Amino acid sequence: MTDTIRDVAIIGGGPAGLSAAMALREAGINDIVVIEREREAGGIPRHCGHPPFGIREFRRLYTGLAYARRLVEEARKSGASLLTSHTVTGARMDEDKIVLAVATPDGMTEIAARRVLIATGTRETTRAARLISGERPLGVFNTGALQSYAYLEHRRPFERPVIIGTELVALSAILTCRTLGARPVAMIESGERPTAPLPYFVYPRLIGIPVLTETKLVDIIGRPRVEAVRVKDRQGNERDIACDGVILTGQFTPEAQAARLLGVEIDPATGGPAIDQFGRTSHPAIFAAGNVLHPVETAGWCYREGRSIARFIARDLQSGLPEAKAALPLSAEGALRYVVPQRIVPGEEGIGHLQMRVKAAASGTLSISQAGKVRSSNAISRLPERRLTLSMPDISTEGGAVVVTL
Amino acid sequence: MVADVLVIGAGVVGCATARRFALAGARVILLEKGADILSGASKANSAILHTGFDAPPDSLELACMQAGYAEYLDIRERFNLPVVETGAMVVAWTPEEQASLPAIADQAVKNGVRDIRRIGPADIRAREPFLAESAREAVLVPREHVIDPWSPFLAYMIQAQALGAEFHFLTQVTGGQFDGETWQVETNRGPFKARSIINCAGIFGDRIEEALLGDTHFSIHPRKGQFVVFDKLAARFLKTIILPVPTERTKGVVLCRTAFGNVLVGPTAEEQEDRLRITTDETALQALIARAVEMVPALQGMGVTATYAGLRPASDKKHYRIRVEKDRHWITLGGIRSTGLTASLGIAAHALELYRTLGHGEDKALQPVADPPVFPVRNLAEDRPRDWSARGNGGIVCHCELVTRREVEEALSGPLPAGDYGGLRRRTRCGMGRCQGFNCQAQVARMSEGRLRIPMTLGEVKP
Ligand SMILES: Cc1cc2nc3c(=O)[nH]c(=O)nc-3n(C[C@H](O)[C@H](O)[C@H](O)COP(=O)(O)OP(=O)(O)OC[C@H]3O[C@@H](n4cnc5c(N)ncnc54)[C@H](O)[C@@H]3O)c2cc1C
Ligand SMILES: Cc1cc2nc3c(=O)[nH]c(=O)nc-3n(C[C@H](O)[C@H](O)[C@H](O)COP(=O)(O)OP(=O)(O)OC[C@H]3O[C@@H](n4cnc5c(N)ncnc54)[C@H](O)[C@@H]3O)c2cc1C
């Protein structure tokens with residue numbers, strides 16, 4: 001098996017991985033393999049039954065399901081090989097290649113490649129990781145599982161769930177519930193205001209779903225199924241809401257297991273691999289793209305990011321990228337939760353921007369400084385979970401660490 | 001049929017007892033009100049196979065633990081059951097705790113656990129480099145081990161079933177009468193007849209005595225224990241089980257590996273009245289995490305994979321609450337508070353001895369089974385090969401725990417198929433990992449449709 005050395009092995013067949021496969025083929029790289037652990041490639045959109053997907057990439061309005069199919073079709077057409085039901089379970093670094101241990105339905109195999117792209121995406125924070133109090137009945141899970149119930153398995157897990165969280169994905173959960181014939185009884189948000197832009201909340205209100213802000217879930221009641229949740233409002237008053245399910249939405253976190261197996265450096269701020277502006281991780285032959293880098297962006301964003309990082313991989317194979325060692329560290333401070341990339345090679349454009357998120361609603365001066373000297377600053381104001389980007393700063397080779405502060 | 005023995009409760013004690021009596025040649029019926037085995041106290045413990053070093057000297061508890069320990073090690077290879085040879089350290093963090101280490105060491109020796117050693121800070125560090133510097137001294141107990149707390153009992157029950165034992169789930173014992181010869185036990189699913197009864201009802205052991213005997217010799221005071229399971233990344237920070245110096249009331253908060261490759265911290269010890277409602281609570285979980293970080297600072301910020309809670313069937317006394325009613329053909333194996341996982345096989349053997357003293361008369365003597373069949377179970381422990389790396393596994397369903405389609409199918413189709421999602425999770429580990437079913441739960445729900453006693457979904461929806 002190891003006799004063939006592929007040009008690029010892509011771990012994860014979602015929007016980022018599949019678009020990267022296509023872009024690599026377009027750039028003249030021949031031997032591309034996409035390793036996908038599910039039975040179908042397509043990533044998260046595979047179980048998003050709602051629009052809008054694909055407007056910029058394909059100039060059409062797709063549901064996630066149709067978008068995922070289109071992506072897979074295009075990737076196949078491009079000549080990349082797609083291996084589904086293949087899971088990366090280990091890795092070994094050789095001088096000129098990376099050898100991945102891959103579990104398949106027919107046992108273990110190895111895939112060797114000159115470059116590896118990690119595109120394993122993101123998932124939501126679980127009930128356990130949120131330390132939510134209460135019993136442990138059936139019917140408590142994330143939006144991702146809800147979508148799989150609805151669009152992949154066509155099974156109804158409950159009829160009257162509560163939705164925890166108010167990110168965009170929480171609004172998508174309402175749509176998903178409706179295709180299941182389920183009717184959410186409330187949306188619960190611990191913050192002062194909903195996370196997604198306010199105009200969206202016309203929708204739940206229109207169909208009569210109360211949005212309870214400054215409200216905390218304090219107990220889950222019921223066996224073997226959910227019978228109620230207990231919530232606590234700002235005044236400390238507790239009350240029970242009768243329901244038969246709890247959908248825990250958002251609080252995205254990278255699916256970084258493959259990155260860990262490969263031993264690349266993980267940025268504790270994002271939970272995903274740290275990269276330079278070419279998408280290179282701490283191992284110069286291993287790249288990363290898509291939502292494994294930054295919880296969370298849209299499918300379209302990840303698609304474009306996959307393509308742009310693929311072009312750097314192609315360049316690396318064809319003519320070489322600038323020395324990875326020349327990179328200076330970049331870090332986020334103040335109200336910023338993270339910044340991607342985490343390293344910059346001076347004087348190089350790369351993906352062309354810095355991408356950030358704030359921890360909580362913040363306004364002030366977003367400044368970039370190097371070795372204590374401010375190089376640029378902008379007045380900004382941002383809410384959490386909203387995109388915040390800045391074009392690639394012009395930094396000096398002389399040096400020192402670069403800090404972005406808000 | 002009139003069974004020889006009717007076992008009430010499929011916790012660790014009931015399962016081990018059913019097997020022991022089936023091996024002894026008895027016709028066994030086991031009634032369990034839950035949907036699957038191990039749905040009471042036995043589903044949530046620390047999974048430590050104890051040596052008994054700290055058990056009350058000369059107690060029945062100690063004897064059962066040591067017999068249970070020995071039998072487990074003796075039979076485990078044949079059943080394909082794991083043991084993770086972690087060893088344990090009772091760590092003293094304060095001068096007061098340090099002062100009680102000699103007594104702990106003495107008691108261990110008295111209990112026959114002679115291979116213990118007292119070790120100083122340097123040795124502690126050499127063994128566990130990530131342990132907090134404040135560890136002053138420890139008693140090392142090399143033979144304290146970690147096991148898979150579920151698979152053994154599945155294996156025992158499959159063996160019992162092959163020997164003719166009958167199991168009834170979702171079957172709650174509500175009352176019964178004894179006519180001097182035979183018991184008729186009432187349940188929500190009709191009556192069952194048996195010559196003798198073994199009460200292994202855990203948290204409800206006293207209630208069962210009241211309902212069937214008319215009086216009870218003990219009262220259960222449930223004591224809740226909550227746990228936090230850290231991400232598998234934590235495993236590199238710890239090998240040995242870290243035990244605290246115990247207090248009168250509890251063995252205290254333990255930090256240890258699981259057989260599945262995680263690290264857990266817990267349990268708490270909280271008295272409660274309610275016997276049914278078992279909850280985790282954010283404040284307690286946070287305190288456990290803080291305690292874990294105190295012991296191993298590198299756990300700061302470590303991901304949490306799971307949280308859970310269990311109720312110990314503690315009683316008004318510390319010791320096991322065994323009751324034998326010779327004339328009424330009755331044995332209670334009750335108040336098995338915090339050592340039942342270890343002791344279960346020993347308790348079962350003890351129950352068989354007690355059974356021989358019941359007033360059945362000579363004609364009811366049992367004929368032990370020669371050459372009983374053994375059915376190895378699938379290994380779930382991380383340190384031994386699992387199905388995901390084998391051929392023909394059907395592909396991986398649960399990516400976090402690498403559970404294959406074949407494993408899920410097997411757990412659903414028997415022998416002794418899963419009764420509910422919890423049982424399926426315990427048989428396979430599907431949905432037990434980092435993403436807690438984000439990826440696999442819906443698929444598993446469909447695979448399990450029409451096959452679980454408690455269905456996961458409310459049914460199909462037309463696409
Ligand atoms: C519940 C949920 C709902 C969302 N809804 C929307 C939405 O409505 N609109 C939107 O624009 N964005 C949405 N997103 C954001 C989503 O992350 C992006 O749309 C997009 O899917 C990200 O693309 P990706 O390629 O980075 O990752 P993904 O789409 O997540 O794809 C990653 C792929 O990698 C595979 N993989 C992971 N680990 C391994 C491994 N070890 N071996 C092999 N394969 C592996 C996975 O199976 C998956 O197919 C949602 C995200 C979630 C979690
Ligand atoms: C937090 C915690 C940590 C522990 N850690 C360890 C450890 O590390 N090592 C160790 O050796 N031990 C440990 N233990 C102890 C061990 O788990 C218990 O001793 C053991 O589970 C008790 O088993 P049981 O069979 O007596 O009770 P249970 O498991 O409660 O079984 C009783 C069964 O009877 C059923 N039942 C009750 N009433 C009826 C009825 N009317 N009709 C039919 N069925 C009925 C219940 O549903 C239940 O399944 C721990 C326990 C806890 C709670």
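Residue numbering restarts at 1 for every chain, and letters A, B, ... go by the order of the sequence lines. Source: prediction; values computed, not measured.
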Which answer fits [X], side chain, backbone, both or neither, if we ask what part of it has an atom under 4.5 Å from a heavy atom of chain B?
X: Thr89(A); value: side chain
X: Leu138(A); value: side chain
X: Leu217(A); value: neither
X: Arg223(A); value: side chain
X: Leu248(A); value: neither
X: Thr104(A); value: backbone

### Query
By number, which residues in residues 290-304 of chain B have some heavy atom less than 4.5 Å away from chain A?
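The stretch touches chain A at Val304(B).
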
### Query
Which residues in residues 436-448 of chain B have a heavy atom less than 4.5 Å from any heavy atom of chain A?
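Result: Gln436(B), Gly437(B), Phe438(B), Asn439(B), Gln441(B), Ala442(B), Gln443(B), Ala445(B), Arg446(B).
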
### Task
Using the test ring-ring contact (aromatic ring centres under 6.0 Å, His included), find all partners of Tyr149(A) that sit at least two apart in sequence or belong to another chain.
Phe141(A)

### Summary
residues 252-270 of chain A vs chain B, non-hydrogen distance cutoff under 4.5 Å, contacting residues -> Glu255(A), Gln257(A), Arg260(A)

[Y] backbone acceptor or donor facing [X] side chain under 3.5 Å:
X: Gln272(B); Y: Asp274(B); answer: yes
X: His86(A); Y: Thr84(A); answer: yes
X: Asn393(B); Y: Arg406(B); answer: no
X: Glu124(A); Y: Thr143(A); answer: yes

### Message
Please identify, among His399(B), Arg391(B), Gln226(B), the residue contributing the most non-hydrogen atom pairs under 4.5 Å to chain A.
### Response
His399(B)

### Query
What residue, out of Ile396(B), Leu276(B), Leu285(B), has the most heavy-atom pairs lying under 4.5 Å from chain A?
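The candidate making the most pairs under 4.5 Å is Leu276(B).
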
#### Entry: Worked check of side-chain contact (heavy atoms from CB on, under 4.5 Å) between Glu32(B) and Gln172(B)
CA-CA 6 Å; Glu32(B) 167 58 51; Gln172(B) 181 164 2; over 6 Å; no

### Task
Decide yes or no for Val397(B) and Thr404(B): does some side-chain heavy atom of the first lie under 4.5 Å from some side-chain heavy atom of the second?
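A side-chain contact is absent here, since even the closest heavy-atom pair is not under 4.5 Å.
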
### Task
Let me know if Thr283(B) has heavy atoms under 4.5 Å from chain A in its side chain, its backbone, both or neither.
neither

### Message
Here's one to test your reading of the geometry: is the NZ or CZ of Arg160(A) within 45 degrees of the ring axis of Phe158(A) and under 6.0 Å from its centre?
### Response
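No, Arg160(A) and Phe158(A) do not form such a contact.
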
